[in-house]
Number of protein chains: 2
Amino acid sequence: MPATSSTPSHLGCALLGLLARAPSTGYDLARRMQRPVGYFWSARHSQIYPELARLERAGLVVHQVVDGAGPRPTKRYAVTPAGMAALRAWVGEEAQPQPVRDLETLRLWSVWTVEPETARGLVRQARAGHEEALHAYQAELSSIAGQPEAQDRSHPLFASVLTLEGGVRTRRAAVEWCDWMLQRLG
Amino acid sequence: MPATSSTPSHLGCALLGLLARAPSTGYDLARRMQRPVGYFWSARHSQIYPELARLERAGLVVHQVVDGAGPRPTKRYAVTPAGMAALRAWVGEEAQPQPVRDLETLRLWSVWTVEPETARGLVRQARAGHEEALHAYQAELSSIAGQPEAQDRSHPLFASVLTLEGGVRTRRAAVEWCDWMLQRLG
DNA sequence: CCTTTCATGTAATGGGTTACATGATTCG
DNA sequence: CGAATCATGTAACCCATTACATGAAAGG
């Protein structure tokens, strides 16, 4: 008897995407979630472990106990055929526009209430953050863009290049925007 | 006896920012939260009403009962001097890099698992969304950029121009990125 | 010896969405 | 006469963060 198949949560789909690229332990997923997935999604281990259990109950992943250093048995998870199907279905879904949540812009929106020097400091900080991210994306991108698999549309690296290119472009635009603002703030 | 003054929640600061521009009822704040603030932050009325009560308990806003059409008394809120100070303090705070949460990119990251035509559909949808947002921002921007107050660094409209310019630049970059991806996806 | 890394879990709390609830006025 | 707008609130639920808890091995 298969579990009722509603699409898993966003986090569940993120984990399926990670496991479809390489089977992992929960601990390992938490690390991969920081980098490189953290560029566009994030989760802590405290959220990952219960979600893995939910995915397994739904038949989308299975685990196998392996040797490890923790006090409890170390579990290596892998995607099942049903899990792969769920991932594909989710990717193909109609995407409804998600609400934006940008704390930096929210703060900037009230920048008229503070001293010019405070405002400049705020923008300089934002610029530094965007530039740092830009460099990280560019480094990651140049390390994989040369590999032949990056040309293959059905290979994970192909998708990695697409997302990294997006990161590079938006961060570059953000840095330019900060420079434009610094000019206006005299 | 003033309330203990820890910085309010992000939502609280968003509401202070709205009220600093113009006193409003909770209902009105919910509408303004959709547009134009919805470009970078959002909240429902069910979240706004309790937060207004919290801000009032902290002495950052006050309300005045006015004539209105609802079954309960209609309340118009305004920022107090303490509220204005809290808003300024929050804007000047050290900004720690916030975790990104981009569902569109997360989906794209698993695009290697689906058929090329599905992938193209996904990118076309994303492109349409970004282009629609771009046009909305440009329209809003051109409606205020001409006004003389938009040049005054201590006027709300000045900050509106900054945020809208950022929206235009990032959405433009996103549209170009989608076109770049469509080329690669044949 | 102390810190880091491996490794998995739970509990408390905060933030956010959806749904429930009420009721007058205005417009088609 | 039904739908939309004005107008405020509560309750249930989901998602996410922080903190609590345990314990071995490796390296400085």
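Proteins come first, then strands; the chains are lettered A, B, ... in the order of their sequence lines, and each starts at number 1. Keep in mind that the numbers below use all heavy atoms, side chains included, and drop hydrogens, waters and symmetry copies.
Near DNA chain D, meaning a heavy atom under 4.0 Å away, there are no residues from residues 14-24 of chain B.
Between the CG atom of B:Leu29 and the P atom of D:dC6 there is a distance of 14 Å, rounded to whole Å. Taking atom CG of residue A:Asp67 and atom P of nucleotide C:dT8, one finds them 13 Å apart after rounding to whole Å. With rounding to whole Å, B:Asp28 atom CG is found 11 Å from D:dA7 atom C1'. The distance from atom OH of B:Tyr49 to atom C1' of C:dG16 is 17 Å, rounded to the nearest whole Å. In this structure, the CG atom of B:Leu55 is 12 Å from the P atom of C:dG15, given to the nearest Å. For the pair A:Arg54 CZ and C:dT8 C1', the interatomic distance rounds to 16 Å; values are reported in whole Å. As a whole-Å value, the separation of A:Glu51 CD from D:dC14 P is 12 Å. Whole-Å rounding puts the A:Ile48 CD1 to C:dT10 C1' distance at 15 Å.
Hydrophobic cluster membership for A:Tyr27: A:Tyr49 (Ile, Leu, Val, Met, Phe, Trp, Tyr linked by side-chain heavy atoms under 4.5 Å, directly or transitively).
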What N/O pairs connect the protein and nucleotides 22-28 of chain D at under 3.5 Å? Give each pair on its own line.
unit_1: D:dG23; atom_1: N2; unit_2: A:Ala69; atom_2: O; d: 2.8

All N/O pairs under 3.5 Å across the protein-nucleotides 18-20 of chain D interface:
unit_1: D:dT18; atom_1: OP2; unit_2: A:Arg44; atom_2: NH1; d: 3.0
unit_1: D:dT18; atom_1: O4; unit_2: A:Ser46; atom_2: OG; d: 2.7

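A:Leu60 and A:Val62 fall into different hydrophobic clusters, defined by Ile, Leu, Val, Met, Phe, Trp and Tyr side-chain heavy atoms under 4.5 Å apart, directly or through other members. In the hydrophobic clustering of ILVMFWY residues, with side-chain heavy atoms under 4.5 Å counting as a link, A:Leu29 and A:Met84 come out together.
In plain terms, the two heavy atoms of A:Gly26 and A:Leu52 that are nearest each other are CA-CD1, 3.8 Å. Summarising the geometry of B:Gln47 relative to B:Ala43, their closest heavy-atom pair is OE1-CB, 3.7 Å, with the distance given to 0.1 Å.
Fit an axis to the five pairs at each end of the helix from C:dC1-D:dG28 to C:dG28-D:dC1 and the two axes sit 30° apart, to the nearest 10 degrees.
Sequence order on DNA chain D of the closest nucleotides to B:Pro73 and B:Arg101 puts B:Pro73 first from the 5' end.
Here A:His10 pairs with nothing under the ring-ring contact (aromatic ring centres under 6.0 Å, His included) rule; sequence neighbours left out. B:Val100 is linked by a side-chain contact (heavy atoms from CB on, under 4.5 Å) to A:Arg171, B:Asp102, counting only residues two or more places apart in sequence or in another chain. With sequence neighbours left out, the side-chain contact (heavy atoms from CB on, under 4.5 Å) criterion links A:Glu93 to A:Thr7, A:Trp90, B:Arg107.
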Would you give me the side-chain donor-acceptor pairs under 3.5 Å for residues 153-165 of chain A, sequence neighbours excluded?
unit_1: A:Ser154; atom_1: OG; unit_2: A:Asp152; atom_2: OD1; d: 3.0
unit_1: A:His155; atom_1: ND1; unit_2: A:Leu157; atom_2: N; d: 3.1
unit_1: A:Ser160; atom_1: OG; unit_2: A:Arg21; atom_2: NH1; d: 2.8
unit_1: A:Ser160; atom_1: OG; unit_2: A:Arg21; atom_2: NH2; d: 3.4
unit_1: A:Ser160; atom_1: OG; unit_2: A:Pro156; atom_2: O; d: 3.3
unit_1: A:Thr163; atom_1: OG1; unit_2: A:Ala159; atom_2: O; d: 3.4
unit_1: A:Thr163; atom_1: OG1; unit_2: A:Ser160; atom_2: O; d: 2.9
unit_1: A:Glu165; atom_1: OE2; unit_2: A:Arg169; atom_2: NE; d: 2.7
unit_1: A:Glu165; atom_1: OE2; unit_2: A:Arg169; atom_2: NH2; d: 3.4

Give every donor-acceptor pair under 3.5 Å between a side-chain atom in residues 178-186 of chain A and any protein atom, sequence neighbours left out.
unit_1: A:Asp179; atom_1: OD1; unit_2: A:Arg127; atom_2: NE; d: 2.6
unit_1: A:Asp179; atom_1: OD2; unit_2: A:Arg127; atom_2: NH2; d: 3.3

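In this structure, A:Arg32 contributes its side chain and A:Ser24 its backbone to no donor-acceptor pair below 3.5 Å. Distance alone, capped at 3.5 Å, places no donor-acceptor pair between the A:Glu51 side chain and the A:Leu11 backbone.
Within the structure, every side-chain polar atom (N or O) of A:Tyr27 is placed at least 4.0 Å from both OP1 and OP2 of C:dT8.
Sorted by first and then second residue, the salt bridge (charged side-chain N to carboxylate O under 4.0 Å, His left out) pairs with a member in residues 116-126 of chain B read B:Glu117-B:Arg120, B:Glu117-B:Arg124; sequence neighbours excluded. Counting only residues at least two apart or on different chains, no salt bridge (charged side-chain N to carboxylate O under 4.0 Å, His left out) pair has a member in residues 64-89 of chain B.
Comparing C:dT8, D:dT17, D:dA7 by their nearest atom to the side chain of A:Ser42 picks out D:dT17.
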